[in-house]
Amino acid sequence: MYICLIQVTMDKWMDITEMGYVIASRYNVILVSLSQQQSMTFFPLRSQPPIDSSVHRIICIGHVFGNHFVQVHSS
């Protein structure tokens with residue numbers, strides 16, 4: 001097992017405003033990002049929407065503690 005102890009600086013962190021469309025397009029999902037400052041929805045850029053709207057895949061993530069994203073599930 002290899003453990004890397006290199007500190008990653010903030011310039012290497014993911015910015016959801018820049019990466020939201022990349023994630024939505026790569027995984028062909030609707031990505032919803034929730035935060036106290038601004039909530040955003042990203043749609044895939046290059047795929048055709050499914051004919052049946054019930055097969056849409058939606059991933060919802062929440063921005064917590066000012067620096068982490070976690071997946072949000074409804075109960």
Using atom types as modelled, flag every donor-acceptor pair under 3.5 Å from a side chain in residues 19-32 to any protein atom, sequence neighbours excluded.
{"unit_1": "Ser25", "atom_1": "OG", "unit_2": "Tyr21", "atom_2": "O", "d": "2.9"}
{"unit_1": "Ser25", "atom_1": "OG", "unit_2": "Leu45", "atom_2": "N", "d": "3.0"}
{"unit_1": "Asn28", "atom_1": "OD1", "unit_2": "Ser47", "atom_2": "OG", "d": "2.6"}

| message | Taking Phe43 as the starting point, is it possible to reach Met40 by hopping between hydrophobic residues whose side chains are less than 4.5 Å apart? | response |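 No, it is not one cluster - the side chains of Met40 and Phe43 are not joined through contacts under 4.5 Å.
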
| field | Residues that Thr9 engages under side-chain contact (heavy atoms from CB on, under 4.5 Å), provided they are two or more places apart | value |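 Partners of Thr9 under the side-chain contact (heavy atoms from CB on, under 4.5 Å) test: Asp11, Lys12.
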
| task | Using side-chain contact (heavy atoms from CB on, under 4.5 Å) as the criterion, list what pairs up with Gln71, not counting sequence neighbours. | result |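 Gln71 satisfies side-chain contact (heavy atoms from CB on, under 4.5 Å) with Ile59, His73 once adjacent residues are dropped.
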
| ring-ring contact (aromatic ring centres under 6.0 Å, His included): which pairs involve residues 46-68, sequence neighbours left out? |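 Listed by first then second residue: His63-Phe69.
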
| query | What's in the same ILVMFWY side-chain cluster as Ile51, cut-off under 4.5 Å, chained through other members? | reply |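 Once heavy-atom contacts under 4.5 Å are chained together, Ile51 still belongs with nothing else.
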
